[in-house]
Chemist: 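Just passing along the structure, written as structure tokens.
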Amino acid sequence: MNFSKTDQEQHQTNIDKLTNSLLPIDVSISSTDEKVLSFGWTVLKPEYHNTVRRVSFGDVEIRSYFTALGDNPGSMCGAPVSLSWDFDVDAVNKLHLDEYESQRGTPRKGRDLFLDPSVREAILMECGFDLREIIIAANRATLDRQQRRKTVTSLRYAAMHEAIEKVSRKIKSVRHLANKRGPSIIRNTL
């Protein structure tokens with residue numbers, strides 16, 4: 001079926017109008033006691049297009065998570081410290097956003113965010129990890145750091161290795177053809 005240019009333009013205009021009237025919506029689905037957030041699309045009626053949209057925030061929930069023996073090799077040495085997935089339900093503190101903002105103080109920056117290896121070890125020991133577990137985690141982190149360094153070093157030469165592999169494949173291909181068809185194929189290929 002052939003459409004005229006005006007039909008195609010009208011069709012595109014209708015699609016544009018429909019697309020412009022689509023807005024994302026949030027749908028809460030309840031399963032057990034957890035809320036799962038999913039996204040969908042809804043078609044808005046034309047009178048809703050000029051509605052002013054606002055965002056507001058209410059309460060801030062501050063949770064105290066338990067400490068775990070980490071696996072991130074980001075520190076220079078020692079065992080990594082991580083947050084557990086579990087938190088202390090009894091220590092949850094709810095504040096209104098304005099109250100939180102007035103109490104929170106200045107954020108830490110740079111060097112204040114780092115923990116010395118001895119401090120991390122003391123924190124882990126205080127949380128119930130024994131010295132053997134801490135040493136094993138520190139050794140694993142050291143091996144991971146070494147592997148990262150090796151990877152970064154090898155990335156410098158990746159383009160050169162790729163070019164060598166390409167030439168190597170070409171030579172193998174020429175040899176394979178030479179074995180199949182005879183030496184004259186080499187002159188024609190190169």
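Computed from a predicted model, the values in this text were never measured in an experiment.
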Chemist: So with a 6.0 Å cut-off around CD of Q103, is the heavy-atom count from everything else above 12?
Modeler: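 Atom CD in Q103 is crowded, with more than 12 foreign heavy atoms closer than 6.0 Å.
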
Chemist: Hey, could you give me the CZ/NE2 distance between F57 and H96, rounded to the nearest 0.5 Å?
Modeler: 11.5 Å

Chemist: Can you tell me how far apart CZ (R140) and CG (D144) are? Round to the nearest 0.5 Å.
Modeler: 8.0 Å

Chemist: If the condition is salt bridge (Lys or Arg N to Asp or Glu O under 4.0 Å), which residues does R63 pass it with, not counting sequence neighbours?
Modeler: E61

Chemist: Where is the tightest heavy-atom contact between L69 and A79, given as atom of each residue plus distance?
Modeler: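 Residues L69 and A79, closest heavy atoms: CD1-CB, 4.3 Å.
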
Chemist: Shortest non-hydrogen contact from A137 to P80?
Modeler: O-CD, 4.1 Å

Chemist: Tell me every residue that passes salt bridge (Lys or Arg N to Asp or Glu O under 4.0 Å) with E162, counting only those two or more places apart in sequence or in another chain.
Modeler: none

Chemist: Is any side-chain heavy atom of F66 closer than 4.5 Å to one of L83?
Modeler: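 They are not in contact (no side-chain heavy atoms under 4.5 Å apart), so the answer is no.
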
Chemist: Quick test of your reading: applying side-chain hydrogen bond (donor to acceptor under 3.5 Å, both in side chains), list the pairs with at least one residue in residues 67-85, sequence neighbours left out, ordered by first then second residue.
Modeler: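 Of all non-adjacent pairs touching residues 67-85, none passes side-chain hydrogen bond (donor to acceptor under 3.5 Å, both in side chains).
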
Chemist: How long is the span from the CD1 atom in I136 to the CG atom in D130, to the nearest 0.5 Å?
Modeler: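 If I round to the nearest 0.5 Å, the distance is 8.0 Å.
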
Chemist: Do you know the tightest heavy-atom contact between P117 and C77?
Modeler: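 Smallest interatomic distance, heavy atoms only, reads CG-SG, 3.4 Å.
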
Chemist: Name all pairs fulfilling the salt bridge (charged side-chain N to carboxylate O under 4.0 Å, His left out) condition that reach into residues 147-157, sequence neighbours left out, sorted by first residue then second.
Modeler: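 Sorted pair list comes back empty.
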
Chemist: With sequence neighbours left out, what residues match R111 under salt bridge (Lys or Arg N to Asp or Glu O under 4.0 Å)?
Modeler: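 R111 satisfies salt bridge (Lys or Arg N to Asp or Glu O under 4.0 Å) with D116 once adjacent residues are dropped.
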
Chemist: Tell me whether F114 at atom CZ has more than 12 heavy atoms from other residues, nucleotides or ligands lying less than 6.0 Å away.
Modeler: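 Counting other residues, nucleotides and ligands, CZ of F114 stays at 12 neighbours or fewer.
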
Chemist: Atom CG in L131, atom CG in L124: separation rounded to 0.5 Å?
Modeler: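 Reported to 0.5 Å precision, the distance equals 10.5 Å.
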
Chemist: In Å, rounded to the nearest 0.5 Å, how long is the span from OG1 of T142 to CE of M76?
Modeler: 11.0 Å

Chemist: Can you list every salt bridge (charged side-chain N to carboxylate O under 4.0 Å, His left out) pair that touches residues 88-105, not counting sequence neighbours?
Modeler: E101-R104

Chemist: Can you check whether R169's main-chain N or O pairs, donor with acceptor, with S173's side chain at less than 3.5 Å?
Modeler: no

Chemist: Specify the closest pair of heavy atoms between A141 and P73, including all atoms of both residues, with the distance to one decimal.
Modeler: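 Scanning both residues completely, I find the closest heavy atoms to be O-CB, 3.6 Å.
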
Chemist: Test side chain to side chain contact (heavy atoms under 4.5 Å, CB included) on D59 and L97; report intermediate values, then the result.
Modeler: CA-CA 5 Å; D59 294 342; L97 181 62; over 6 Å; no

Chemist: Please round to the nearest 0.5 Å and tell me the distance separating atom CZ of F129 and atom CD1 of I123.
Modeler: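 It is 11.5 Å, given to the nearest 0.5 Å.
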
Chemist: Does any N or O in the side chain of R120 come within less than 3.5 Å of the main-chain N or O of L115, such that one atom is a donor and the other an acceptor?
Modeler: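 The answer is yes, because a donor-acceptor pair under 3.5 Å joins these two groups.
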
